[in-house]
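Beneath this line is the structure, given in structure tokens, with notes to follow.
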Amino acid sequence: MQVKILDKKSFQQDLLDWYDKEKRDLPWRRETDPYRIWVSEIMLQQTKVDTVIPYYNNFMEKFPTLQDLADADEDKVLKAWEGLGYYSRARNLHTAVKEVRDEYKGKVPDTEEDIKKLQGVGPYTAGAVLSIAYNVPAPAVDGNVMRVLSRLFTIYDDIGKAAAKNKFEQLIREIIAENRASDFNQAVMELGAVICTPTSPACLLCPVQKHCSAKEEGVQDLLPVKAKKKPPRTVHLKALVLQDENDRFLVEKRPDTGLLAKLWQFPYIEAAEETDEDIAAFAAEFGAAVEEEVNYYYDVKHVFSHLVWEIKVYRAEGKVDNIGSHQRLLTKDELKEFTFPVSHQKIMQSLEEE
DNA sequence: AAGACGGGGGT
DNA sequence: ACCCCAGTCTT
């Protein structure tokens, strides 16, 4: 591969000098424990630093060591992840940490071969943990890195394609500062986060502007190239908030796999058509009398990356029976102990406004 | 190679 | 209302 950079040493020095001076003071940057680095990198997948910080701090308070997390109940782990999204990250991390406890004597693997075997550890996270925790010169290519490199070297490959990622990893292998792999990888990501931003990059403040091919050609706003995603499909739901005579609410645990696996929710049905009887029939299964017009209460809209939930919420009070084994009746206080997706937190919140 | 999988921010 | 952000696993 042709590296069009003029002076590698000069580039590394300009980048690292800037990073040494300007790097943000982040909780996980005060840590050297590979377990803590690992947790931060899992949380940072698809998620902004500002969102992660409070979750990370709380998580470390609850599970200070790898052993603590490995020994914890899954429900507690999910509760600590509540609202962060992509809950398979939490389940996979929990599985992987138990694997490290049992198969690696509690020490996070420091080789690419071993660390990649862990659930939820893909090419990015493997490189990030190896470089940041162990200073191994492995590439850690995330969206920030692809954006920075696509501009530095005017690469017009679609960064959504798998082939492009290999190209960027190879590029990092060629330009990484071998003895400062941790700082180098973090510096590139930091540059992408605070200077080389998706829109309106701050080129005038950029420490490596003089090495940047896109800036030289004035095409920084055209990069990176990325195919547009399809709009999410809309699913119509009717959710049922049943409150029994003891002011307990009917909730249920979602299946072990798929969307929002193992989280709790108010029972609902998919309503393909705007029919009137379906919610009544659904409620009748619990011995509750619900009518479309009488019990309709509230609308909740929730947007995921691949679908939209438009939820009509129905409320009813009275005796509740015929509870399934995955279902529970919980008081308002007890609801707080269970993990709900944000969409159903919105439903819960509507109960406070009366 | 494409889709599933959450949630947040900016304008 | 519309735009943007994007790792890993599964199919």
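Per chain, numbering begins at 1; letters A, B, ... match sequence-line order.
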Are A/Tyr55 and A/Trp81 an aromatic pair by the rule of ring centers under 6.0 Å?
no
Does the separation of the ring centres of A/Phe249 and A/Trp264 fall below 6.0 angstrom?
no
Taking side chain to side chain donor-acceptor pair (under 3.5 Å) as the definition, give me every residue that meets it alongside A/Asp321, ordered by chain and number, with sequence neighbours left out.
A/Lys319
Kindly work out whether a path of hydrophobic side-chain contacts (I/L/V/M/F/W/Y, heavy atoms less than 4.5 Å apart) joins [X] to [Y].
| X | Y | result |
| --- | --- | --- |
| A/Leu335 | A/Leu78 | yes |
| A/Ile347 | A/Val235 | yes |
| A/Tyr298 | A/Val342 | no |

Which donor-acceptor pairs under 3.5 Å do the side chains of residues 121-141 of chain A make with protein atoms, sequence neighbours left out?
residue, atom, partner, partner atom, Å
A/Tyr124, OH, A/Glu41, OE1, 2.5
A/Thr125, OG1, A/Gln45, NE2, 2.7
A/Ser131, OG, A/Gly127, O, 2.8
A/Ser131, OG, A/Ala128, O, 3.2
A/Ser131, OG, A/Asn185, ND2, 3.0
A/Tyr134, OH, A/Val108, O, 2.6
A/Asn135, OD1, A/Ala181, N, 3.1
A/Asn135, OD1, A/Ser182, N, 2.9
A/Asn135, ND2, A/Asn179, O, 3.2

Rounding to an integer number of Å, can you tell me how far [X] [atom1] sits from [N] [atom2]?
| X | N | atom1 | atom2 | value |
| --- | --- | --- | --- | --- |
| A/Met189 | C/dG7 | CE | C1' | 12 Å |
| A/Leu223 | C/dC4 | CG | P | 15 Å |
| A/Lys229 | C/dC2 | NZ | P | 12 Å |

Tell me yes or no: between the side chains of [X] and [Y], is some donor less than 3.5 Å from an acceptor?
| X | Y | answer |
| --- | --- | --- |
| A/Arg29 | A/Gln186 | yes |
| A/Glu292 | A/Tyr314 | yes |
| A/Thr95 | A/Asn92 | no |

When you compare [N] with [M], how far apart are their [atom1] atoms, in angstrom units rounded to a whole number?
| N | M | atom1 | value |
| --- | --- | --- | --- |
| B/dG10 | C/dG7 | C1' | 23 Å |
| B/dC5 | C/dC5 | P | 22 Å |
| C/dC4 | B/dG6 | P | 22 Å |

Is the shortest distance from a Lys or Arg side-chain nitrogen in A/Lys226 or A/Asp158 to a carboxylate oxygen in the other one below 4.0 Å?
no
Runs of at least three consecutive pairs that involve DNA chain B, where pairs are Watson-Crick or G-U with distances under 3.5 Å:
B:1-5 with C:7-11, B:7-11 with C:1-5
Under a 4.0 Å heavy-atom criterion, the protein footprint on nucleotides 3-11 of chain B, written with B, S and -, is SSBBBS---
When A/Lys301 and A/Lys228 are each assigned the nearest nucleotide of DNA chain C, the 5'-most assignment goes to A/Lys301
Go through residues 133-149 of chain A and report each residue with a non-hydrogen atom lying under 4.0 Å from DNA chain C, sorted by number.
A/Asp142, A/Gly143, A/Asn144, A/Arg147
May I ask you to verify if any side-chain N or O of A/Lys226 is less than 4.0 angstrom from the OP1 or OP2 atom of C/dC5?
yes
In terms of ring plane angle, is the pair A/His211 and A/Phe11 parallel, tilted or perpendicular, where the classes change at 30° and 60°?
perpendicular
Would a 4.5 Å heavy-atom cut-off, applied to side chains only, mark A/Lys301 and A/Ile311 as touching?
no
Can you give me the N/O atom pairs linking the protein to nucleotides 9-11 of chain C at distances under 3.5 Å, or say none if there are none?
residue, atom, partner, partner atom, Å
C/dC9, OP1, A/Gly120, N, 2.6

